[in-house]
Novice: 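Quick one: the structure is below, questions incoming.
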Amino acid sequence: MMFDADGIEALRAAYPGAPARLRHGLAGHPLFSLERLAVLAADLPPDCVEYNPGDAGVDQDPSQPPMNGLSPEETVRRIEENNSWMALKNIERDPACACFLNDCLDALGAVVHPATGQMHRREGFVFVSSPGAVTPFHMDPEHNILLQLQGEKTFRIFPPDAGEIVSDERHEQYYAEHGHRNLPYKEAFARLATAHHMAPGDALYVPVKAPHWVEVGPAISVSLSITWRSRASDAEARLRRANAWLRARGGAPP
């Protein structure tokens, strides 16, 4: 089972603007064993590997990213003890991962294509995290489905249109200036969060730029994000860049 029928229908009802829960049958897949991921971490170019201490905090300053002192391969192999979280980016550079990614996304085409057009810029990201690790508060520019493969985590997601969290100006800066994904966090935001407990077999659709932060449970966690861009996400990016241009020249775009 790639994705369950009920989850596909939930995605159809929610896509593209609201989160949706799905189930998948990919937990334990050998492509995402720690041994295989250690090899992948060593093979990927440096700009495709990000790893930091797991206790960096929800509101980690992106201008001061701490490091854990280990190589990417060592970080994966010692993930249970080294208090880290790691992102392996653009795993589609690996042929086997590319094939797997396309199979997953093709299974969603009947939902996605009628609503937002053909998927493009298909990308995959694997997250390997120590027990208790925190991924800081941030937003991403893609449509994303997160698949939990090993361990548990709590995924706290916030409305993508909450202006008190991300202002129009911040959205515009994100696209016009290639701003960092991390966002400042305030405890007052907590009332807007929906917490999703994720265990192996769970999947969650995350809308474009829906702010979120993640906390891993008592065991190591391995998750896979399958992502894509669409006609709708491209249109917003163009609009935000145009509004940034207008605002910089004294305009007040709606």
Side-chain angles (χ1 to χ4, degrees), residues 1-29 31-32 37 85-94 96-129 135 138-160 181 193-216 221-234 236:
M1 177 187 72
M2 189 73 74
F3 296 104
D4 68 305
D6 289 343
I8 290 292
E9 290 310 309
L11 179 64
R12 194 188 309 276
Y15 185 79
R21 295 289 300 249
L22 303 89
R23 293 284 299 168
H24 67 84
L26 304 170
H29 195 288
L31 197 57
F32 304 104
L37 292 175
W85 69 266
M86 164 178 273
L88 302 178
K89 307 176 183 180
N90 298 115
I91 63 168
E92 68 280 358
R93 291 170 179 253
D94 177 273
C97 290
C99 182
F100 182 91
L101 174 67
N102 283 320
D103 286 346
C104 289
L105 292 178
D106 287 346
L108 304 170
V111 172
V112 171
H113 297 163
T116 58
Q118 295 290 318
M119 299 175 178
H120 69 95
R121 196 170 170 179
R122 297 177 171 208
E123 296 174 328
F125 305 83
V126 173
F127 304 99
V128 186
S129 306
T135 303
H138 68 285
M139 63 182 182
D140 299 305
E142 315 96 346
H143 303 277
N144 169 29
I145 292 183
L146 179 79
L147 292 78
Q148 189 67 17
L149 302 175
Q150 179 178 339
E152 300 180 3
K153 61 175 50 172
T154 300
F155 194 107
R156 292 177 174 86
I157 187 169
F158 298 73
R181 67 182 184 274
T194 300
H196 292 271
H197 178 259
M198 306 288 291
D202 287 330
L204 177 67
Y205 168 66
V206 183
V208 174
K209 290 197 283 92
H212 56 278
W213 68 276
V214 184
E215 184 175 19
V216 172
S221 169
V222 178
S223 303
L224 167 68
S225 279
I226 58 173
T227 77
W228 66 97
R229 309 293 177 99
S230 71
R231 181 182 64 232
S233 66
D234 290 348
E236 185 194 352

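In what follows, residues are counted from 1 in the order of the sequence shown.
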Novice: Identify, with sequence neighbours excluded, every residue that meets salt bridge (Lys or Arg N to Asp or Glu O under 4.0 Å) alongside Asp103.
Specialist: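 Testing Asp103 for salt bridge (Lys or Arg N to Asp or Glu O under 4.0 Å), a comparison that skips the adjacent residues, returns none.
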
Novice: Using 0.5 Å steps for rounding, measure from the CD1 atom of Ile145 to the CZ atom of Phe3.
Specialist: 5.0 Å

Novice: Return the set of residues passing side-chain contact (heavy atoms from CB on, under 4.5 Å) with Ala195 (not counting sequence neighbours), or none when no residue passes.
Specialist: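 Ala195 satisfies side-chain contact (heavy atoms from CB on, under 4.5 Å) with Thr154, Arg156 once adjacent residues are dropped.
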
Novice: First locate atom NE2 of His197, then atom CG of Leu204, and finally report the distance between them rounded to the nearest 0.5 Å.
Specialist: 13.0 Å

Novice: Might you point out which heavy atoms bring Pro211 and Pro159 nearest each other, and give the distance in Å?
Specialist: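 Heavy atoms of Pro211 and Pro159 come nearest at CD-O, 3.7 Å.
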
Novice: Sequence neighbours excluded, which residues qualify as salt bridge (Lys or Arg N to Asp or Glu O under 4.0 Å) partners of Arg121?
Specialist: Glu123

Novice: Output the distance between atom CG (Leu108) and atom CD1 (Ile8), rounded to the nearest 0.5 Å.
Specialist: 5.0 Å

Novice: So, taking the atom named CE in Met198 and the one named CD in Glu152, what distance separates them when rounded to the nearest 0.5 Å?
Specialist: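 Answer for the CE-CD pair, Met198 versus Glu152, is 11.0 Å.
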
Novice: Identify, with sequence neighbours excluded, every residue that meets side-chain contact (heavy atoms from CB on, under 4.5 Å) alongside Ala210.
Specialist: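 In terms of side-chain contact (heavy atoms from CB on, under 4.5 Å), with neighbours along the sequence ignored, Ala210 is linked to Ile157, Pro160, Val206, Pro207.
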
Novice: Would you find a donor on one side and an acceptor on the other, under 3.5 Å apart, between the side chain of Asp4 and the backbone of Arg23?
Specialist: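 Yes; at least one donor-acceptor contact below 3.5 Å.
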
Novice: Side-chain contact test, heavy atoms from C-beta onward, threshold under 4.5 Å: evaluate it for Thr227 versus Asp140 and give yes or no.
Specialist: no

Novice: Restricting to pairs with a member in residues 203-213, which pass salt bridge (Lys or Arg N to Asp or Glu O under 4.0 Å), not counting sequence neighbours?
Specialist: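 Only Lys209-Glu236 qualify under salt bridge (Lys or Arg N to Asp or Glu O under 4.0 Å).
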
Novice: Asp6: which residues meet the side-chain hydrogen bond (donor to acceptor under 3.5 Å, both in side chains) condition with it, sequence neighbours left out?
Specialist: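 So Asp6 forms no side-chain hydrogen bond (donor to acceptor under 3.5 Å, both in side chains) with any residue.
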
Novice: How would you list, by chain and number, every residue that makes a side-chain contact (heavy atoms from CB on, under 4.5 Å) with Ala14, sequence neighbours excluded?
Specialist: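 Once residues adjacent in sequence are excluded, the partners of Ala14 under the side-chain contact (heavy atoms from CB on, under 4.5 Å) criterion are Ala18, Ala20.
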
Novice: Please answer whether the main-chain N or O of Gln150 pairs with a side-chain N or O of Gln148 as donor and acceptor at a distance below 3.5 Å.
Specialist: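 Checking the backbone N and O of Gln150 against the side chain of Gln148, a donor-acceptor pair under 3.5 Å is found.
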
Novice: In Å, rounded to the nearest 0.5 Å, how long is the span from CD1 of Ile226 to CZ of Phe125?
Specialist: 12.0 Å

Novice: Using side-chain heavy atoms (C-beta onward) and a distance below 4.5 Å, is Cys104 in contact with Leu26?
Specialist: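 SC-SC contact between Cys104 and Leu26 confirmed.
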
Novice: Testing the basics here: between Leu146 and Ser223, what is the closest heavy-atom pair and its distance to 0.1 Å?
Specialist: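 Looking at all heavy atoms of both residues, the shortest contact is CD1-CB, 3.7 Å.
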
Novice: Taking all heavy atoms of Ser233 and all of Pro141, pick out the closest pair and write down the distance.
Specialist: CB-O, 4.4 Å

Novice: With a 4.0 Å cut-off, would you call Lys153 and Asp202 a salt bridge?
Specialist: no

Novice: Could you list the residues that satisfy ring-ring contact (aromatic ring centres under 6.0 Å, His included) with Phe155, not counting sequence neighbours?
Specialist: His212

Novice: Kindly give the heavy-atom pair with the smallest separation between Ala27 and Gly201, and that separation in Å.
Specialist: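 Closest pair (atom of Ala27, atom of Gly201, distance): CB-N, 4.1 Å.
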
Novice: With salt bridge (Lys or Arg N to Asp or Glu O under 4.0 Å) as the rule and sequence neighbours excluded, what pairs involving residues 222-231 come up?
Specialist: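 For residues 222-231, and leaving out neighbouring residues, the salt bridge (Lys or Arg N to Asp or Glu O under 4.0 Å) pairs sorted by first residue read Glu142-Arg229.
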
Novice: Output all residues satisfying salt bridge (Lys or Arg N to Asp or Glu O under 4.0 Å) with Asp94, sequence neighbours left out; order by chain, then residue number.
Specialist: Arg36

Novice: Could you measure the distance from the CG atom of Leu149 to the OG atom of Ser221? Nearest 0.5 Å is fine.
Specialist: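 Rounded to the nearest 0.5 Å, the CG-OG separation comes out at 8.5 Å.
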
Novice: Applying the side chain to side chain contact (heavy atoms under 4.5 Å, CB included) criterion to Ile91, which one of Val126, Leu31, Leu101 satisfies it?
Specialist: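 Checked Val126, Leu31, Leu101 against Ile91; only one passes side chain to side chain contact (heavy atoms under 4.5 Å, CB included): Val126.
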
Novice: Once salt bridge (Lys or Arg N to Asp or Glu O under 4.0 Å) is applied, do any residues pair with Glu92, and if so which ones, sequence neighbours excluded?
Specialist: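 Residues passing salt bridge (Lys or Arg N to Asp or Glu O under 4.0 Å) with Glu92: none at all.
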
Novice: Under the rule for ring-ring contact (aromatic ring centres under 6.0 Å, His included), what residues qualify as partners of Phe100, not counting sequence neighbours?
Specialist: His29, Phe32

Novice: Indicate the atoms forming the closest heavy-atom contact of Met119 with Gly109, along with that distance.
Specialist: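 Heavy atoms only, the tightest pair is CE-N, 4.3 Å.
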
Novice: Would a distance-only check, ignoring hydrogens and angles, find a side-chain to backbone donor-acceptor pair under 3.5 Å from Tyr205 to His143?
Specialist: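 The answer is no, because no donor-acceptor pair under 3.5 Å joins these two groups.
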
